[in-house]
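For reference, the structure is listed below as structure tokens.
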Protein chains: 2
Amino acid sequence: MSSYKDIVKLTGLSLGTVSNVIQGKGNVKEKNKEKVYAAMRQLGYRIDYQARGLATNKTSLIGLIVSNIENIAETKMLMPMETFAENHKCRIITATSRNDSDRERRNCEAMLSSKVDGLFIFFESLENEEYFRNLAETEKIPIIFLARYLDNCKLPYVAVDNQYAAKSMVDFVYERGHREITYLDIAEESMLSPNRDRRLGVELECKKRGIVYKKREYKRLENDMEVGYHAAEEMILSKSMPSLVFPRDDSFAIGFYNACIRYGIRIPEDVSIMSFGNFYPKEVTPKRLTTYDRRFDKVIHEATLMYLKIREARDNGLEEDKIKKKLFVKGNIIVGETIKDLTK
Amino acid sequence: MSSYKDIVKLTGLSLGTVSNVIQGKGNVKEKNKEKVYAAMRQLGYRIDYQARGLATNKTSLIGLIVSNIENIAETKMLMPMETFAENHKCRIITATSRNDSDRERRNCEAMLSSKVDGLFIFFESLENEEYFRNLAETEKIPIIFLARYLDNCKLPYVAVDNQYAAKSMVDFVYERGHREITYLDIAEESMLSPNRDRRLGVELECKKRGIVYKKREYKRLENDMEVGYHAAEEMILSKSMPSLVFPRDDSFAIGFYNACIRYGIRIPEDVSIMSFGNFYPKEVTPKRLTTYDRRFDKVIHEATLMYLKIREARDNGLEEDKIKKKLFVKGNIIVGETIKDLTK
DNA sequence: TTGAAAGCGCTAACAA
DNA sequence: TTGTTAGCGCTTTCAA
């Protein structure tokens, strides 16, 4: 491990000059620049971000806390996050909370101890409201919620516009002649902002149009596909299959779809499916799912933009008031083949 | 942001004592410990890992470079990695190479500049052989390949035992009366160690048993499900559907399965599928895939164990020779419903 | 254009 | 048991 010291020795220049060359700052004679470059190459020198961070009081580290990294929805946030990191020369530290609020808090603390320049949080438990409210008061780095929000907390967020989503989806099926919707949710998670907003949105839009709205809730299992599978199986065996279902997300829908195939229920002839997420490749089902694209890429894009704005304001002592800190991102319907057109 | 200085001021103790309390080291009077704790609470003090790292010459940062984080196989490595990080009080920095060898090298350099204590790499291009060979000579932190290896490189690795996998899978179908196997691969990736080993392994095992071995290669598309879907579609339309296929992985198999459903081809009556990976919940297909569990959890477990051993040896100046640095992990068949039993 | 020196927040060795 | 001090590898300010 070579350091500036070694370069100083090799070149005979001073620490300050070496630093200037490496940072590409100040006025340094071309000849001396070359000397430094040569020494760097010879030594296989590599800058030490840690030391630089200590000196500059930032780390170029961005924290990303998710709930369950194996959940395909959350996976979708990683790539755009990496792209941001690449473009802004920073690195991502990740941590997973696994639906455990203690762990979530520990993760936050570790991130703050790691002196991340910014922190993005995708939470899944509602138990840390107070903790987050407190963070909002005490921390000076930007902390931004992803795809969820807390009603009584000042932390900024970028979420999916679930009311808009609800309206789009109800519109879509209404236009195709559907007059009855059965909403399928997972009980334990039904009060998280996105699930709640969407469910209530669908209910409201149904009321407006005189559509019959029904709701069924299922117990959380190992994964959402399993829940969807069992939900469909139960309906099939009890002969209570609705004409149209709104599963809470694509994973649920896929399980549902496969139980239908298994039992010879035809899609969309016997049951239509309006899914939510657009997380999987279209070949994940025999007929492409009709689903609502949540645009997590946009969520991350907006969140990182917001982060930059907040940082800039704080670094330069500007007023932060003008920055919009509560954003909702609109998605769009992906037209697949799982909604029967009743008007034909 | 409070620091030791503030605690010193508040308690009247010295820096060294404060440091001892916070590290839980040395002998400090109970009363003074309490003082320090009280001051920490009052100040909302949080340790600065960056400064600690600079002083101790380690970061407690572990680097993880993957190829495509949205690939479900790679996602499977994150959770066990996080578990390790949690148990060993370190944090994970991730980076994604996206099948770009330049980016892969840049990622490595950034990790080394971040002074990670260890680096785990899941690579997908074969172009950086020389770069890695060089790293093996110059870097003193443990750098470990995950689920792949390079033939002429000293870097340690933990890979899936693909020859064993091949044997297991061929055995399984042989016992059920199959005497012909069609192996489906993606051309561009067929020379990566796991793909190559497995394909050659299957070929060899077929030869041993007098099974007819056929191979088909497909062009890489956006995702593997799509490739699988088109592969099946092509076979169906050209009426050349084999009796048994070995798709290169679960994603490929799912696409294949769904094209079959779409066209009314029955599984396993018309075509049997022996898949590879066990990456998805079993409800991802109407009938559970018969697949080989790659046990990426085990791969990560072994890799982190290897990391600890190497670190320990280097930290204590022990000889590293005794550490096994080339490991192969054995998986097992998951018996699903996609292999027809021809013996009945 | 270059050099000298202080400092970032911590650890660790040593002295008291 | 506590305090003092040097130092980790860099940046930055100021003087030369």
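Scope of the values below: all heavy atoms of this structure, side chains included, with no hydrogens, waters or symmetry mates. Proteins come first, then strands; the chains are lettered A, B, ... in the order of their sequence lines, and each starts at number 1.
With rounding to whole Å, A:L54 atom CG is found 14 Å from C:dG7 atom P. Atom CE in B:M40 sits roughly 16 Å away from atom P in C:dG9 (whole-Å rounding). In this structure, the OH atom of A:Y4 is 15 Å from the P atom of C:dG3, given to the nearest Å. Counting to the nearest Å, the C1' atom of C:dG3 and the NZ atom of A:K25 are 16 Å from each other. Remark: C1' of C:dG3 and CG of A:N27 are 15 Å apart, rounded to the nearest angstrom. Across the protein-nucleic acid pair, A:L15 atom CG and C:dA5 atom C1' stand 10 Å apart, rounded to whole Å. In this structure, B:N20 atom CG and C:dA13 atom P are separated by 11 Å, rounded to whole Å. Computed from coordinates, the B:K5 NZ to C:dG9 C1' distance equals 8 Å when rounded to whole Å.
If you check every strand for non-hydrogen atoms under 4.0 Å, B:K31 touches nothing. When heavy atoms are screened at a 4.0 angstrom cut-off, A:L13 is found touching the sugar-phosphate backbone but no base atom. Contacts of B:N57 with the nucleic acid, taken as non-hydrogen atoms under 4.0 Å apart, are absent.
Contact annotation: B:Q23 reaches the phosphate of C:dA12 (side-chain N/O to OP1 or OP2, under 4.0 Å). Distances shown here put a side-chain N or O of B:S19 below 4.0 Å from the OP1 or OP2 atom of C:dT11.
When each of B:V28 and A:R52 is assigned the nucleotide of DNA chain D with its nearest heavy atom, B:V28 is the one assigned upstream, toward the 5' end. Of the two residues contacting DNA chain D, namely B:T17 and B:T56, the nearest-nucleotide position lying further toward the 5' end is that of B:T17.
Aromatic rings of A:Y157 and A:F145 (six-membered ring for Trp) have centroids beyond the 6.0 Å cut-off, not under it.
Ion pair B:R91/B:E82 not flagged as a salt bridge, since none of the NZ, NE, NH1 or NH2 atoms sits closer than 4.0 Å to an Asp/Glu carboxylate oxygen. In summary, B:E320 and B:K309 do not engage in a salt bridge, as defined by a charged side-chain N under 4.0 Å from a carboxylate O.
With rounding to the nearest 0.5 angstrom, the CG atom of B:N152 is 14.5 Å from the CZ atom of B:F132.
Checking B:E109 against B:Y131 by side-chain atom types alone, a donor-acceptor pair falls below 3.5 Å.
Atom CD of A:E34 is surrounded by more than 12 heavy atoms from other residues, nucleotides or ligands within 6.0 Å.
A salt bridge (Lys or Arg N to Asp or Glu O under 4.0 Å) with B:D102 is found for exactly one of B:R98, B:R106, B:R105, namely B:R105.
Mapping heavy-atom proximity under 4.0 Å, the span of DNA chain D touched by chain B runs 5' to 3' from D:dT1 to D:dG9.
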